[in-house]
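Order of appearance sets the numbers: ligands from 1, and atoms from 1 within every ligand. Here, residue 1 is the first one in the sequence, and each next residue gets the next number.
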Amino acid sequence: MIDFRSDTVTAPTDEMRAAMLAAPVGDDVYGEDPGVNDLESFTADLLGKEAGLYVASGTQSNLTAIMAHCDRGDEYLVGQEAHCYKYEAGGAAVLGSIQPQPIAMSSDGTMELDDIAAAIKNQPSMGHFALSKLLCLENTHNGRILPADYVEAAQGLARDRGLALHLDGARLWNAAVGSDRSPAEVAAGFDTVSVCLSKGLGAPVGSVLVGSTELIDRARRWRKMVGGGMRQAGVIAAAGRHAIEHHLAGLATDHENAALLAAGLDEINGLTADSSHTNMVFVTIDDADPAAVGDRLAADGIAVFAAPTTRLVCHLGISSADIDATIAACRRAVGQ
Ligand SMILES: *Cc1c(COP(=O)(O)O)cnc(C)c1O
């Protein structure tokens, strides 16, 4: 199956499994798992921060970060379509008693700075308000890289108004590779940054939250409270370290494949395709019955989420030969 549904479908390679088999382990809740300690400091260094925390998922990473920044009754400002507002089951509100203040967001992941400024409420004398403590950005947002000058302007605004900054960098790796910057450059200026190992990098599980030692110590306590204190997690941490060391540069291939796929699909009558400049292709299907198009593709061994507008995600399980096969299959699936 050529599976374009997400880059989370990537499976560990044989080399990654060998690294997992060889991993030395200890009890991570005691701080004694060498593989976890190594992954945390390695990732923090790579992102230019003091300390790291290995967590079960990107959702747990964002949650423990928001809880490290905000107290009960505070709020975080976040894009209306951002993962850490819309797709995390309301965790910050439910588990942290932290109110989200969603802000209108455009499809490139930006929010108007005026809208952010107008939503900040942090005068303690105003007893009406939850106190704004944190601004969250997301990079990439749906495969799109936030413009560096936008990030700097938003960071400047947040600093001027006394807000801390968190970056949901689940796909920060794609942003770095796609804009020829180091991971540390993309992470610069944020107090905490969350990165996923389980997406394009291809580890089976795990994310790392990085930031100052003080913030990471706070997040570590919340991680324990939400049930994320793991024991001999070195086995999975080894997969994460292997993923960063061996799969980061390969994201460029995913980006090339996405560009080829977008160009090929866009030439087909009845399809409009547009690449995100990283690993995603957005496709609009004119066919009145996109589900039937999806069924025809499935019969050809290609998995997509069938919808009038859908997203095809390239990753290390997809080769350039798969791209050619997919373009041909899409042509057949829309009756050409
Ligand atoms: C995938 C993703 C996450 C975290 O997802 P988990 O499934 O919890 O690991 C967070 N933010 C963004 C932008 C994501 O794409």
Side-chain angles (χ1 to χ4, degrees), residues 3-12 39 43 47 52-67 76 78-92 94-96 100 102-103 105-111 134-146 151 165-178 183 186-187 190 192-210 219 222-223 226-228 230 233 236-237 239-240 243-244 251 254 258 276-282 305 310-315:
D3 195 341
F4 287 99
R5 289 171 304 162
S6 175
D7 45 10
T8 55
V9 302
T10 44
L39 176 66
T43 311
L47 293 167
L53 177 66
Y54 185 48
V55 285
S57 66
T59 299
Q60 192 173 73
S61 194
N62 286 328
L63 173 67
T64 54
I66 293 167
M67 291 175 79
Y76 66 109
V78 59
Q80 184 92 49
E81 300 298 322
H83 202 281
C84 69
Y85 170 59
K86 191 171 176 184
Y87 298 100
E88 297 184 0
V94 174
L95 301 168
I103 311 272
M105 191 180 194
S106 79
S107 60
D108 65 3
T110 63
M111 300 165 265
L134 176 69
L135 174 65
C136 297
L137 299 184
E138 185 175 302
N139 199 6
T140 66
H141 172 66
N142 258 335
R144 297 193 173 88
I145 302 171
L146 280 184
V151 172
L165 283 143
H166 172 68
L167 179 65
D168 178 355
R171 295 192 179 84
L172 172 143
W173 315 110
N174 297 88
V177 169
V186 182
F190 291 96
T192 49
V193 179
S194 168
V195 290
C196 285
L197 307 170
S198 55
K199 297 201 166 164
L201 288 185
V205 63
S207 287
V208 183
L209 178 69
V210 299
W222 294 124
R223 181 189 70 161
V226 298
M230 293 181 276
I236 46 177
I244 298 174
L251 296 179
D254 301 341
S276 64
H277 306 293
T278 61
N279 64 334
M280 295 186 193
V281 178
F282 296 87
F305 286 123
T310 193
R311 168 183 106 163
L312 274 57
V313 187
C314 295
H315 51 75

Item to check | Side-chain heavy-atom pair W222, L95 within 4.5 angstrom cut-off | outcome: no

Item to check | Sub-4.5 Å side-chain heavy-atom contact between F4 and V313 | outcome: no

Item to check | OG1-CG distance between T192 and L134, expressed to the nearest 0.5 angstrom | outcome: 6.5 Å

Checklist entry - Looking at residues at least two apart in the chain, or sitting in another chain, which of them share a side chain to side chain contact (heavy atoms under 4.5 Å, CB included) with P12? => result M16, R17, P204

Next on the checklist: Please check: side-chain N/O of T10 versus main-chain N/O of K199, any donor-acceptor pairing under 3.5 Å?
Outcome noted: yes

Pick out the protein N or O atoms lying less than 3.5 Å from any N or O of ligand 1, and list each pair with its distance.
residue: ligand 1; atom: 8 (O); partner: G58; partner atom: N; Å: 3.4
residue: ligand 1; atom: 8 (O); partner: T59; partner atom: N; Å: 2.9
residue: ligand 1; atom: 8 (O); partner: T59; partner atom: OG1; Å: 2.5
residue: ligand 1; atom: 9 (O); partner: G58; partner atom: N; Å: 2.8
residue: ligand 1; atom: 11 (N); partner: D168; partner atom: OD1; Å: 3.1
residue: ligand 1; atom: 11 (N); partner: D168; partner atom: OD2; Å: 2.6
residue: ligand 1; atom: 15 (O); partner: R171; partner atom: NH1; Å: 3.1
residue: ligand 1; atom: 15 (O); partner: K199; partner atom: NZ; Å: 2.6

Next on the checklist: Does either side chain, that of S61 or that of S194, offer a donor lying less than 3.5 Å from an acceptor on the other one?
Outcome noted: yes

